[in-house]
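The structure appears below as structure tokens.
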Amino acid sequence: MECTSLWRTTAHQKLLALAQHPYDLTAPGALLADDRLARYRCSSAMLRLHYATQRVDDRVLDALQELADELALVEQFRKMRRGAVMNRIVGQESENRQVLHTACRDLFHAEPAAPAATAQAREQLARLQTFLADLGSGRLDNGRGESFTTLINIGIGGSDLGPRSILEALRSDMLPDRQVHCIANVDPDDAARVLGGVHLPTTLVSIVSKSGTTLETLTNEELVRAALVRAGLEPSRHCIAVTGANSPMDDPERYLACFHMYDSIGGRFSSSSMVGMVMLAFALGYERAVAFLRGAATVDREAEGADIRGNLPLLLALIGIWNHNYLGYPTLAVLPYSQALHRFPAHLQQCDMESNGKSCDRLGHPVAGPTGPVLWGEPGTNGQHAFYQLLHQGTEIVPVEFIGFHHSQYGVDLEVQGSTSQQKLLANLYAQMVALATGQQSANPNRVFPGNRPSSLLLGRQLTPEVMGALLAVYEAKIVFQGFAWNINSFDQEGVQLGKRLASRFLAAMAGSPSGVDSLTETFLTKMAESP
Ligand code: G6Q
């Protein structure tokens, strides 16, 4: 299939013209016109996207549909799910791999899209299920007759952010006798803080690294192993590995168990592989972790729909492109009105910016316009008391993707001053959408709110494991669709690799490497070592 970028389509010209006069959300009755609030929403099995507060109308949606069709976005997504080699730059040295994170959860259908990859995922899940059953039954204990109740996850980047944000989101579903902690940063205080709060004899340590070579992770592993030894414990009885098959960490002698992930699963897309599943299944129990996979699998199938008005992740991707490439807004805020999702923007920050922060297209040519936006976010209502001032009245227009749920997770609530906390949360969320869209006129220039600040809302009933899986898959598919539209390779990360290489150079110099240090490294080190 000949892939092209949005800048070379005929729909692009239409969208440029339409962007001269986008829908005016500040006009009287604009949000109620044409049954807009009912018409501009897109439902999937577990989430609904409300986008009446975006600066779109039917003409824009039709042009976005044309864009999706011209670029064969859905066809490319289907091919990705079926094992096409998508992680590559034509004619250049590149990772040259399939992209099959979706295969990890394609377990609920008689005919998976990529049968071999799903069979591998099933095999790993079966091993995990047995491992957890052995932990639960006491067949696998700490050698002193005590069960493991705590897990420390050591990993960084893709081996930390996604799983950690999901774990945080689902803490309300954790098994009552389980605790999970994470160590990511090579800052020794990260490990010290975690180690200070756990009972090591009943602690499992899961070291997660696809490559098995990441310096931060290997260093933290040694720190924790040393702590185990100091406590009189045998590390190989406590440490498990989640790593690429045949990586340097894939060593059954050194670990109580080794679980595998595969080349076709990128780090930032690995939450539904063993990278996320070991931690989540330990914390939530196997069945709830599988429910998380089911939610993601449902969205993966829905994302193959050709009609953008019925394909939630595709529509979210295209609205994002409308805001970024046509209305010219450089950043995107993801603001969950759910405290449980407090780490989700951090995960999306990686997943989106590492995937689509690219300047070279899949043919090795410079891109012709903006690719991935700067993504950031924090939970509401906290953010309202902080940076929302800029969202409402700043000179920079920031499109917002709100996320919310009708019901809280714990159901523990109280009516105070005539409303529950959950009602207050949703009232604030809806108010923000309306305020950003319609703005406010005032004779006092300091009280003028220009409005026309676009937002949309992903709304669910309640944040359960299944819904969390769906939410993750929505964003993963959105990122993939946008990468296809810009015709970039969303699946490599040369920017991360460069940093890793240069850090090794500095470390070698700090360790007094005899092999000679280049002058930039040497001078840099000398200058930085001078006291303030
Ligand atoms: C993710 C990136 C990067 C990676 C980390 C950890 O897509 O490649 O964030 O996940 O550098 O790598 P390892 O899992 O190999 O330790």
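Note that the coordinates shown come from a computational prediction; the quantities given were computed from them, not determined experimentally. Atoms considered below: every heavy atom in the structure, side chains included; atoms not considered: hydrogens, waters and symmetry mates. Counting starts at 1 for both ligands and their atoms, following the listed order.
- Which parts of ligand 1 touch S209 is read off a 4.0 Å heavy-atom cut-off, strictly below it: atoms 13 (P), 14 (O), 15 (O), 16 (O).
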- Task: Decide salt bridge (charged side-chain N to carboxylate O under 4.0 Å, His left out) for K358 and D492; before the verdict, give the C-alpha distance in whole Å, the side-chain angles of both, and the deciding distance to 0.1 Å.
- Result: CA-CA 10 Å; K358 308 282 166 66; D492 68 1; 2.9 Å; yes
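- Nearest protein heavy-atom contact of atom 15 (O) of ligand 1 is S211 OG, 2.6 Å.
- Checking only distances, G158 does come within under 3.5 Å of ligand 1, N or O to N or O.
- Nearest-residue assignment for atom 16 (O) of ligand 1 (options I265, T214, T243; heavy-atom criterion): T214.
- Among the candidates L458, V400, I403, D352, the single residue satisfying the side-chain contact (heavy atoms from CB on, under 4.5 Å) test with V334 is I403.
- Each of the following atoms of ligand 1 lies closer than 4.0 Å to a heavy atom of K500: 11 (O), 12 (O).
- Residue contact check: G267 has heavy atoms under 4.0 Å from atoms 1 (C), 7 (O), 10 (O) of ligand 1.
- In this structure, the separation between CG on D141 and OG1 on T202 is 11.0 Å, given to the nearest 0.5 Å.
- For atom 6 (C) of ligand 1, the nearest non-hydrogen atom of the protein is I156 O, 3.2 Å.
- If you check each of E354, Q493, M261, Q497 against atom 1 (C) of ligand 1, the one with the closest non-hydrogen atom is E354.
- Considering only non-hydrogen atoms, atom 9 (O) of ligand 1 lies nearest to Q350 out of M249, R268, E216, Q350.
- A ring pair (Phe, Tyr, Trp, His ring centres under 6.0 Å) check over residues 351-378, counting only residues at least two apart or in different chains, returns the pairs W376-F387.
- Heavy atoms of other residues, nucleotides or ligands lying less than 6.0 angstrom from CZ of F524 number 12 at most.
- A donor and an acceptor atom, one from each side chain of Q493 and R268, are located under 3.5 Å apart.
- No donor-acceptor contact under 3.5 angstrom links the side chains of N487 and W7, judged on distance only.
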